[in-house]
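As structure tokens, the structure follows; a few thoughts come after it.
This chain uses plain numbering: 1 for the first residue, then up along the sequence.
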Amino acid sequence: LARDGEDGEDGMIGPRGATGATGASGTANRTIYATVFETLTRFSTFITGSGTAAVSTAGFVLTTSAVATSGIKANWATIALDVGVFLGSPTFSCTYGVRTIGTDLHTYAGIGILTSTGGDIVFTPDHVGFKIDRTASGTTSLFATQADGTTENASAALSTVTTFQARDLIAALNGTTSVDYYHRTDGGTLSAATNLTSNMPIGAENSMSFQASNRGVATNTVVELGSASYSR
């Protein structure tokens with residue numbers, strides 16, 4: 001886990017490790033993640049209803065419990081100063097997947113920290129990113145999402161989501177005017193850009209956040225984060 005100006009790739013959470021050293025022990029790197037960054041105020045987790053966050057061989061694993069109000073949120077401040085989400089037209093990307101899909105769920109990966117209630121994630125605060133949505137109708141879909149602090153602008157469904165798919169998600173900000181969203185599954189062809197222009201965030205900080213919620217239904221969801229980056 002590194003930030004701009006440190007060893008390792010800019011803003012990267014992933015198997016390369018915190019030092020970026022070739023041949024470093026995977027076990028040692030996971031220990032670094034779990035025992036160092038989890039204790040810093042720049043990286044924090046918030047749990048409701050017995051959710052859990054853990055570093056394992058699968059990556060950074062976010063798990064809700066089988067409690068209706070269960071949710072989990074992990075935040076990482078990519079820079080100590082709150083310089084604003086638009087500075088330098090940043091690009092956010094992550095490799096992300098759902099291992100267990102609950103009956104109802106919301107997951108989020110992006111720039112800007114969303115609020116959570118006991119039953120769901122609230123998508124109106126300033127943010128740019130992706131969400132996976134499932135309701136009792138049985139369809140689980142990926143969407144691009146952004147909001148201006150009052151109203152969310154979400155795309156049409158980008159793809160159907162099933163378990164054990166490695167998804168590359170990329171959101172590239174074009175100054176303060178729009179965001180281009182890209183995605184691909186299991187290393188396949190990168191999608192064409194989905195461009196969203198309305199409800200651009202106006203006050204979001206440049207923190208990365210990863211969240212999952214049961215949406216008020218007592219079945220658990222497991223999300224795996226393989227890597228994430230924020231670059232300007």
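Defined by atom type and a distance below 3.5 Å, a donor-acceptor pair is missing between the side-chain atoms of Ser178 and Thr197. Under the 3.5 Å distance criterion, with hydrogens and angles disregarded, no donor-acceptor pair is assigned to the side chains of Tyr230 and Ser207. A donor atom on one side chain and an acceptor atom on the other are found under 3.5 Å apart for Asn153 and Ser198. For Gln165 and Thr163, the side-chain atoms include no donor-acceptor pair closer than 3.5 Å. Counted by atom type alone, Ser141 and Thr160 present zero donor-acceptor pairs between their side chains at under 3.5 Å.
Seen from the ring of Phe123, Lys131 counts as a face-on cation partner, given the 6.0 Å and 45° thresholds.
Residues Asn195 and Asn174 are in side-chain contact: their nearest non-hydrogen atoms beyond the backbone lie under 4.5 Å apart. Phe164 places a side-chain heavy atom less than 4.5 Å from the side chain of Arg99. A heavy-atom distance below 4.5 Å is not found between the side chains of Asp180 and Thr194. The side-chain heavy atoms of Glu152 and Gln146, taken from C-beta on, include no pair separated by under 4.5 Å. Residues His183 and Ser159 are in side-chain contact: their nearest non-hydrogen atoms beyond the backbone lie under 4.5 Å apart. Residues Ser116 and Val122 have side chains not in contact (no heavy-atom distance under 4.5 Å, counting atoms from C-beta outward). Side-chain contact check for Phe143 versus Asp133: some heavy-atom pair is nearer than 4.5 Å. Side chains of Ile170 and Thr91 form a contact here, defined as non-hydrogen atoms less than 4.5 Å apart.
In this structure, CD on Glu224 lies 8.5 Å from OG1 on Thr100, to the nearest 0.5 angstrom. Phe92 CZ to Ser209 OG: the interatomic distance, rounded to the nearest 0.5 Å, is 9.0 Å. Atoms OG1 and CG, from Thr69 and Asn214 in turn, are 8.0 Å apart once rounded to the nearest 0.5 Å. We find the CD1-CG distance between Ile72 and Asn220 to be 13.0 Å, quoted to the nearest 0.5 Å. Atom-to-atom distance recorded for Tyr182:OH and Ser93:OG is 12.5 Å, nearest 0.5 angstrom.
In the hydrophobic clustering of this structure, Val222 does not group with Leu142; members are Ile, Leu, Val, Met, Phe, Trp, Tyr whose side-chain heavy atoms approach within less than 4.5 Å, directly or through other members. There is a path of hydrophobic side-chain contacts, each under 4.5 Å, that joins Val55 to Met208. A single hydrophobic cluster is seen to contain both Ile111 and Leu225, as judged by linkage of ILVMFWY side chains at heavy-atom distances under 4.5 Å, directly or through other members. When the side chains of ILVMFWY residues are joined at heavy-atom separations under 4.5 Å, either directly or via intervening members, Val223 and Ile113 end up in two distinct hydrophobic clusters. The hydrophobic clustering, which links ILVMFWY residues whose side-chain heavy atoms are closer than 4.5 Å, places Ile121 and Val98 apart.
The two atoms that bring Pro201 and Asp126 nearest to each other are CA-OD1, 3.4 Å, heavy atoms only. Heavy atoms only, all atoms of each residue included: Thr64 and Gly71 are closest at CG2-CA, 4.1 Å. Of all non-hydrogen atoms in Thr115 and Pro125, the two that sit nearest each other are OG1-CG, 3.9 Å.
Considering Leu158, Leu169, Val161 in turn, Val161 is the only one that fulfils the side-chain contact (heavy atoms from CB on, under 4.5 Å) rule with Ile132.
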Show your working on side chain to side chain donor-acceptor pair (under 3.5 Å) between Thr95 and Asp168 and close with a plain yes or no. CA-CA 5 Å; Thr95 302; Asp168 296 315; 2.9 Å; yes
Verdict with reasoning, Leu62 to Phe210, per side-chain contact (heavy atoms from CB on, under 4.5 Å): CA-CA 8 Å; Leu62 304 178; Phe210 305 90; 3.8 Å; yes
Worked check of ring pair (Phe, Tyr, Trp, His ring centres under 6.0 Å) between Tyr181 and Phe130: CA-CA 9 Å; Tyr181 297 86; Phe130 293 85; 5.4 Å; yes
Could you please spell out the steps behind the side-chain contact (heavy atoms from CB on, under 4.5 Å) verdict for Thr151 and Thr124? CA-CA 5 Å; Thr151 305; Thr124 54; 5.9 Å; no
Stepwise, does the side-chain contact (heavy atoms from CB on, under 4.5 Å) test hold for Asn75 with Lys73? CA-CA 7 Å; Asn75 303 324; Lys73 172 167 59 178; 3.4 Å; yes
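Salt bridge status for Asp104 with Arg134: absent, with no side-chain N to carboxylate O gap under 4.0 Å. Arg167 has no carboxylate O lying under 4.0 Å from a charged side-chain N of Asp186, or vice versa, which leaves the two without a salt bridge.
In this structure, Ser213 contributes its side chain and His106 its backbone to no donor-acceptor pair below 3.5 Å. Although no hydrogens or angles enter the test, the distance criterion places no donor-acceptor pair under 3.5 Å between the side chain of Ser65 and the main chain of Ser70.
Under the rule for a salt bridge (charged side-chain N to carboxylate O under 4.0 Å, His left out), Asp148 has no partner lying at least two apart in sequence or in another chain.
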